[in-house]
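Throughout, protein chains are lettered first and strands after them, A, B, ... in sequence-line order, and every chain is numbered starting at 1.
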Number of protein chains: 2
Amino acid sequence: MIDCYNRIYIMERDMARVVSIRHLILGLLIQQSMSGYDIKRSLKSLSWLIDSPSYGSIYSALRALREDGLVTIQETPCQDKSPRKVYTIEDAGRQALREWVGQPAAPDISLKTFVMHLILAGSFSHTGLIAHLQQRRSQVAAHHTTLKQIAETVDGTTDSGQRLTFDYGLTLATAELAWLDRMLEQSSQQPLPVEVVQGDGVALAA
Amino acid sequence: MIDCYNRIYIMERDMARVVSIRHLILGLLIQQSMSGYDIKRSLKSLSWLIDSPSYGSIYSALRALREDGLVTIQETPCQDKSPRKVYTIEDAGRQALREWVGQPAAPDISLKTFVMHLILAGSFSHTGLIAHLQQRRSQVAAHHTTLKQIAETVDGTTDSGQRLTFDYGLTLATAELAWLDRMLEQSSQQPLPVEVVQGDGVALAA
DNA sequence: CGTATCATGTAACTAGTTACATGATTCA
DNA sequence: TGAATCATGTAACTAGTTACATGATACG
């Protein structure tokens with residue numbers, strides 16, 4: 001894992017907590033059992049914020065999760081309708097999610113990744129979630145600062161692409177910082193009621 | 001392209017204007033010639049908003065663009081330093097970008113895709129850009145409405161993931177709508193000074 | 001002189017998309 | 001009765017990532 005110059009490569013993404021749609025599905029199923037179609041729809045409601053995954057990836061992720069024994073299927077017939085295939089998370093799935101949550105977070109995550117983490121917020125411990133919000137805060141704050149500088153120098157240029165992009169970024173960064181501060185303040189006064197993922201009756205803190 | 005039920009499939013992504021890193025690079029190079037490293041860095045400044053592409057994808061996109069004759073390389077030696085490879089867009093590249101810009105836009109784009117379009121704003125015609133902003137506005141507005149409804153029903157639940165996600169989404173949607181309205185208003189009063197991509201002296205409107 | 005960062009790539013892999021395929025249910 | 005949407009998948013592909021590889025330059 002170290003090159004001839006003894007510099008450390010890797011470990012950036014490799015070991016870091018990266019959300020795949022597998023984790024996302026696990027996170028949704030921990031809240032409640034649902035079908036592949038339901039999963040698609042529930043992610044669709046955030047489609048303007050994140051590129052929501054296609055059926056192809058959802059169903060194949062579901063198959064993989066089933067093969068690994070992390071979820072199970074129940075064919076639930078509703079009256080005389082054709083039965084829906086409802087997926088339920090198993091203890092192994094909860095365990096896997098807990099392990100994943102315990103991994104170190106990547107320092108530099110995108111908005112999409114942050115949203116995906118947010119969806120999984122219920123799977124984090126209170127402190128884990130706070131840490132995550134704080135990390136995002138410092139990241140956005142840093143970009144806010146540089147963006148502000150760039151926006152000023154770029155203000156007079158004819159390049160509308162650059163101007164619009166930086167202005168847009170600045171607007172969102174400002175709004176996001178305010179939100180993060182509000183959340184962080186709220187959580188210091190009264191803990192956000194997060195439920196820690198439970199395996200077999202034992203709550204684990206991250 | 002039509003199935004046995006005569007329903008139209010496809011055309012959703014297929015024909016729609018989808019930004020790949022190839023277009024993004026072309027859009028950056030139309031503003032000014034730069035090296036692969038420069039491209040990486042200029043996209044890195046938006047890394048909190050979008051997952052910025054890796055060197056691997058940038059350099060291979062650059063190779064593909066070169067093979068297609070859309071860009072050329074100049075090895076520019078700076079003094080006695082080892083020369084940097086600066087990529088410059090060719091007329092064929094401008095033409096390709098113009099064609100891409102002329103395609104219909106996908107109705108349902110994510111924030112990431114929107115940012116990528118914004119970076120390419122200079123390659124759109126004035127009306128094209130306005131249309132794009134309006135489309136995004138109506139999309140975000142729709143999601144804002146549904147999000148607001150969901151947020152209310154979800155407000156009392158213990159599920160912090162859902163609450164946080166929807167609250168976050170709502171905050172960003174509000175900020176984005178305000179920004180879009182401001183831009184749209186500005187552009188109706190005095191046109192945003194966008195430059196239409198020019199091929200051989202003839203400006204094309206979308 | 002050693003570390004950081006500038007700078008450019010490639011090979012192997014994998015995650016996810018697109019298009020294909022099918023059929024049931026709902027509703028105007 | 002036809003269209004929309006509910007619902008579940010698969011095969012082929014492709015875009016993009018990770019890890020590998022190398023070397024120059026800047027700076028303290």
Side-chain angles (χ1 to χ4, degrees), chain A residues 1-16 18-25 34-41 43-44 50-66 73 75-87 106 110 112-113 116, chain B residues 1-16 18-25 34-41 43-44 50-66 73 75-87 106 110 112-113 116:
Chain A
M1 301 310 182
I2 280 176
D3 76 358
C4 61
Y5 286 77
N6 260 31
R7 282 178 299 196
I8 298 162
Y9 280 112
I10 323 180
M11 304 282 144
E12 280 181 38
R13 288 269 176 183
D14 198 22
M15 286 297 295
V18 173
V19 202
S20 68
I21 74 146
R22 230 114 110 195
H23 302 116
L24 210 54
I25 289 177
M34 51 177 114
S35 69
Y37 196 80
D38 291 335
I39 290 168
K40 170 77 179 166
R41 289 217 314 176
L43 292 176
K44 186 87 187 274
I50 60 174
D51 264 320
S52 72
S54 61
Y55 283 117
S57 55
I58 286 173
Y59 282 114
S60 57
L62 243 15
R63 179 160 39 82
L65 288 173
R66 189 165 31 126
I73 290 190
E75 295 218 0
T76 51
C78 332
Q79 298 119 37
D80 52 346
K81 293 182 198 174
S82 60
R84 299 171 73 243
K85 297 191 180 173
V86 174
Y87 292 82
S110 66
K112 175 183 177 171
T113 308
M116 290 170 95
Chain B
M1 301 310 182
I2 279 175
D3 75 358
C4 60
Y5 287 77
N6 259 29
R7 282 179 299 195
I8 299 162
Y9 279 113
I10 322 179
M11 304 281 145
E12 282 184 37
R13 288 272 177 180
D14 198 24
M15 287 296 295
V18 173
V19 201
S20 68
I21 76 146
R22 230 114 109 194
H23 302 117
L24 210 54
I25 289 177
M34 51 176 114
S35 68
Y37 196 80
D38 291 335
I39 290 168
K40 170 76 180 167
R41 287 217 314 177
L43 292 175
K44 186 86 187 274
I50 61 173
D51 265 319
S52 71
S54 61
Y55 283 116
S57 54
I58 287 173
Y59 282 114
S60 57
L62 242 16
R63 179 159 38 82
L65 288 172
R66 189 166 30 127
I73 290 191
E75 295 218 0
T76 52
C78 331
Q79 298 117 36
D80 51 345
K81 292 182 199 173
S82 60
R84 299 172 72 244
K85 297 190 180 174
V86 175
Y87 292 82
S110 66
K112 175 184 177 170
T113 308
M116 289 168 96

- Task: Figure out the CG/P separation between Asp38(A) and dC6(D), and round it to whole Å.
- Result: 10 Å
- Message: Expressed as a whole number of angstroms, how long is the span from Ile39(B):CD1 to dC6(C):P?
- Response: 16 Å
Short heteroatom pairs, N/O only, protein and nucleotides 10-14 of chain D, under 3.5 Å:
residue, atom, partner, partner atom, Å
dT10(D), OP2, Arg63(A), NE, 3.3

- Nearest to the side chain of Lys85(A) - dA7(D), dT8(D), dC6(C)? dT8(D)
- Can you sort out the partners of Lys85(B) under salt bridge (Lys or Arg N to Asp or Glu O under 4.0 Å), two or more places apart, ordered by chain and number? Glu75(B)
- List for me each residue that meets side chain to side chain contact (heavy atoms under 4.5 Å, CB included) alongside Lys40(A), sequence neighbours excluded, and say none if there are none. Ser52(A), Tyr55(A), Ile58(A)
- Item | Minimum side-chain heavy-atom gap Arg41(B)-Tyr37(B) below 4.5 Å | yes
- Name all residues meeting the side chain to side chain contact (heavy atoms under 4.5 Å, CB included) criterion together with Ile50(A); count only those two or more places apart in sequence or in a different chain, and write none if there are none. Leu46(A), Lys112(A), Val115(A)
- Could you tell me which residues satisfy side chain to side chain donor-acceptor pair (under 3.5 Å) with Ser60(B), sequence neighbours excluded, listed by chain and number? none
- Between dC6(C) (C1') and Met34(B) (CE): distance, integer Å: 16 Å
- Query: Hey, are the side chains of Thr113(B) and Val18(B) touching, using non-hydrogen atoms and a 4.5 Å cut-off?
  - Reply: no
- Message: Please report the distance, rounded to the nearest Å, between CE in Met116(A) and C1' in dG16(C).
- Response: 11 Å
- Message: Would you say that Ile39(A) contacts Leu62(A) through its side chain, given a criterion of any heavy-atom pair below 4.5 Å between the two side chains?
- Response: yes
- How many Å lie between CG on Leu65(B) and C1' on dG16(D), as a whole number? 15 Å
- Message: Check this one for me: any side-chain N or O of Ser57(A) less than 4.0 Å away from OP1 or OP2 of dT17(C)?
- Response: yes
- Query: OP1 or OP2 of dT18(D) less than 4.0 angstrom from a side-chain nitrogen or oxygen of Ser54(B), does that happen here?
  - Reply: no
- What closest approach, in Å, do Arg84(A) and Ser35(A) show between heavy atoms, and which atom pair accounts for it? NH2-OG, 3.0 Å
- Note on the structure: Contacts of Ser54(B) meeting side chain to side chain contact (heavy atoms under 4.5 Å, CB included) (sequence neighbours excluded), chain-then-number -> Ser57(B)
- Query: Between dT8(D) and Tyr37(A), is there an OP1 or OP2 to side-chain N/O distance shorter than 4.0 Å?
  - Reply: no
- Query: To the nearest angstrom, how far is Leu24(B) atom CG from dA15(D) atom P?
  - Reply: 15 Å
- Ile58(A) atom CD1 is separated from dT18(C) atom P, nearest whole Å, by 13 Å
- Between dT8(C) atom C1' and Leu62(B) atom CG, what is the distance in whole Å? 10 Å
- Item | Given DNA chain C, 5'-ward residue of the pair Arg41(B) and Ile73(B), judged by closest heavy atom | Arg41(B)
- Terminal axes of the helix from dC1(C)-dG28(D) to dA28(C)-dT1(D) (five pairs each): angle between them, nearest 10 degrees: 50°
